[in-house]
There are 2 protein chains.
Amino acid sequence: MEVPAPRRTRIQQEKRELILEAALEVFSTNGFRGSTIDQIAEAAGMSKPNLLYYFRRKEDIHETLMQRLLDTWLAPLRELDDIGDPLTELRSYIRRKLEMARDFPRESRLFANEILQGAPRIMPMLEGELKTLVDEKAAVIKGWMRAGKIARTDPWHLIFSIWATTQHYADFDVQVRAVLGPNRGGDGRFEDAARFLEQLFIDGLKPKT
Amino acid sequence: MEVPAPRRTRIQQEKRELILEAALEVFSTNGFRGSTIDQIAEAAGMSKPNLLYYFRRKEDIHETLMQRLLDTWLAPLRELDDIGDPLTELRSYIRRKLEMARDFPRESRLFANEILQGAPRIMPMLEGELKTLVDEKAAVIKGWMRAGKIARTDPWHLIFSIWATTQHYADFDVQVRAVLGPNRGGDGRFEDAARFLEQLFIDGLKPKT
DNA sequence: GCAAATTTTGACCGATTGGACAAACGTTAG
DNA sequence: CTAACGTTTGTCCAATCGGTCAAAATTTGC
């Protein structure tokens, strides 16, 4: 099952990192098919044949990037724990996801690109690892509902809505900034978003009598 | 300012529609750069030179598609009206947006693709028409808050969250279906989503004591 | 029915693309 | 020092791409 990690020299490790960093930048803004090896090579400061010495095919770069992404991407959900106050747990899950949108927007866009195009390369992972994890956490949330700690609703769609609202600030960043304008679209937008989302998820919109 | 609509024969109108329909399918799943004229031509059942007789450049197809999209895309928000009960207004805005995600997923994905790649072709429209419309509706919502009809919060981020949660069911459809599995991922998922979103936006997650 | 206008097609072109390859250049261990 | 190994580069290739063009086929107006 486990593929043995190939032995690599120091230079190989460094250069591969350099390439992956450059490829993340290029892929996340142009999509897989919209990106060229030349673009990535230039962004990494090396020639195309040299890049191809470290990654034999364009797909290999993308695949490596994807595998790394998925681990870190699901980390916040994995941390969602049964211990502690449910509302607090959900609040900090939302906060963690929003922080990821703020700190790793390229990774978010890379993922969004892949899903948008029908997830051709990561479908098995969605139906396997991801579904298992979500089902597991949905069960935890269901427990909280049964215990009367949070309102009864659909845990799966709750998780979707957290993903959607937080990743929106990475994936649709240009739209968010365009609509907010130069004043409110600055660095403060993530704190505004955090405040808003907390209120939305906890209290909803109904006026407090 | 207004460009006169070119006179077109019956065949031109029909074929142009055929091409736009095919291009919507292709562009929305592969992105602009990921789509080829050949693909669109084949999907439209004609040869490439024949397609290029109706649209001189690949960009022209995309541009035409975009212009049409934006009108229908913003229609639900335009309908958000100051008359009627605020909570009911917002509820039906959410419902309308979710119906669009269900009925026009390709249009949603086309738009998402464009924004993801930095909105190179529609940036002026985002900063102009879209921002104006959102600011206008945000003012309406602010009025509701001042009148105590809905809870005080940030109207812009409220609109973002409605966009994000509803469009998620079109843009991330494959992920939603993969996670829900064959049972719950069927046609009923939109009704489940509608029920969940209504509850989320109105009442939030706090237990009803 | 026929000439003019429109539509369709096959052949073609230059540019770009992903990738191969051998030769040149560096580095490292004995 | 030097032979083996690792790295980099210039050159090249076949496939695909967006788009052109002239000629053929079809439709339309009279």
Side-chain angles (χ1 to χ4, degrees), chain A residues 4-67 110 113-114 117 120-121, chain B residues 4-67 110 113-114 117 120-121:
Chain A
R7 224 172 291 259
R8 299 199 209 284
T9 68
R10 175 185 51 86
I11 291 185
Q12 287 212 6
Q13 293 200 19
E14 290 175 4
K15 293 286 168 108
R16 283 175 65 95
E17 284 310 313
L18 204 69
I19 292 168
L20 289 172
E21 159 65 25
L24 175 59
E25 186 72 27
V26 176
F27 279 143
S28 68
T29 56
N30 300 106
F32 180 76
R33 286 218 46 191
S35 307
T36 69
I37 300 185
D38 281 299
Q39 282 175 9
I40 301 172
E42 197 198 326
M46 64 179 72
S47 65
K48 178 168 70 169
N50 195 9
L51 182 148
L52 285 168
Y53 170 73
Y54 294 102
F55 290 90
R56 304 254 293 276
R57 295 179 312 147
K58 183 182 168 187
E59 270 202 300
D60 291 349
I61 310 176
H62 192 264
E63 199 183 310
T64 306
L65 227 37
M66 271 304 177
Q67 280 172 2
L110 182 68
N113 255 308
E114 178 70 10
Q117 324 238 321
R121 299 160 227 275
Chain B
R7 223 172 290 260
R8 299 198 209 283
T9 68
R10 176 184 51 87
I11 292 186
Q12 287 210 8
Q13 292 200 19
E14 290 175 5
K15 294 284 167 113
R16 282 175 65 93
E17 284 310 315
L18 205 68
I19 292 168
L20 289 172
E21 159 67 25
L24 175 59
E25 185 72 29
V26 175
F27 279 143
S28 67
T29 58
N30 300 105
F32 180 76
R33 286 217 46 189
S35 306
T36 70
I37 301 185
D38 280 299
Q39 281 174 9
I40 301 172
E42 198 198 324
M46 64 180 70
S47 66
K48 177 169 70 171
N50 195 11
L51 182 149
L52 285 168
Y53 170 72
Y54 293 101
F55 291 90
R56 305 253 292 273
R57 296 180 312 147
K58 182 184 170 185
E59 271 201 305
D60 291 347
I61 311 177
H62 192 263
E63 199 183 311
T64 306
L65 227 37
M66 270 306 177
Q67 281 172 0
L110 182 68
N113 255 309
E114 178 70 12
Q117 324 237 323
R121 298 162 226 275

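Letters go in sequence order (proteins before strands), and every chain restarts at 1.
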According to a strict under-4.0 Å criterion, is [X] in side-chain N/O contact with OP1 or OP2 of [N]?
X	N	value
A:N50	D:dT9	yes
B:S47	C:dT9	yes
A:Y53	D:dT7	yes

(message) Measuring only between side-chain heavy atoms, which start at C-beta, is B:I61 closer than 4.5 Å to B:Y54?
(response) no
(request) Decide yes or no for B:R33 and B:Q117: does some side-chain heavy atom of the first lie under 4.5 Å from some side-chain heavy atom of the second? (result) no
Could you list the donor-acceptor pairs under 3.5 angstrom formed by side chains in residues 42-51 of chain A, with sequence neighbours left out?
from: A:S47; atom 1: OG; to: A:N50; atom 2: N; distance (Å): 3.4

Would you mind reading off the distance between [X] atom [atom1] and [N] atom [atom2], rounded to a whole angstrom?
X	N	atom1	atom2	result
B:I19	D:dG18	CD1	C1'	15 Å
B:Q13	D:dT28	CD	C1'	16 Å
B:I61	D:dG19	CD1	C1'	12 Å
B:D60	D:dG18	CG	P	13 Å

(request) Taking the six-membered ring of B:F27 (Phe, Tyr or Trp), confirm whether the NZ or CZ of B:K58 is under 6.0 Å from its centre and within 45° of its axis. (result) no
(message) Regarding B:R121 and B:E114, does a basic nitrogen lie under 4.0 Å from an acidic carboxylate oxygen?
(response) yes
(request) Could you pull out all residues at least two apart from A:D60 that satisfy side chain to side chain donor-acceptor pair (under 3.5 Å)? (result) A:R57
Short N/O separations, protein against nucleotides 14-19 of chain C, under 3.5 angstrom:
from: C:dG18; atom 1: OP1; to: A:S35; atom 2: O; distance (Å): 3.2
from: C:dG18; atom 1: OP1; to: A:K58; atom 2: NZ; distance (Å): 3.0
from: C:dG18; atom 1: OP2; to: A:I37; atom 2: N; distance (Å): 3.0
from: C:dG18; atom 1: N7; to: A:K48; atom 2: NZ; distance (Å): 3.1
from: C:dG19; atom 1: OP2; to: A:K58; atom 2: N; distance (Å): 2.8
from: C:dG19; atom 1: O6; to: A:K48; atom 2: NZ; distance (Å): 3.3

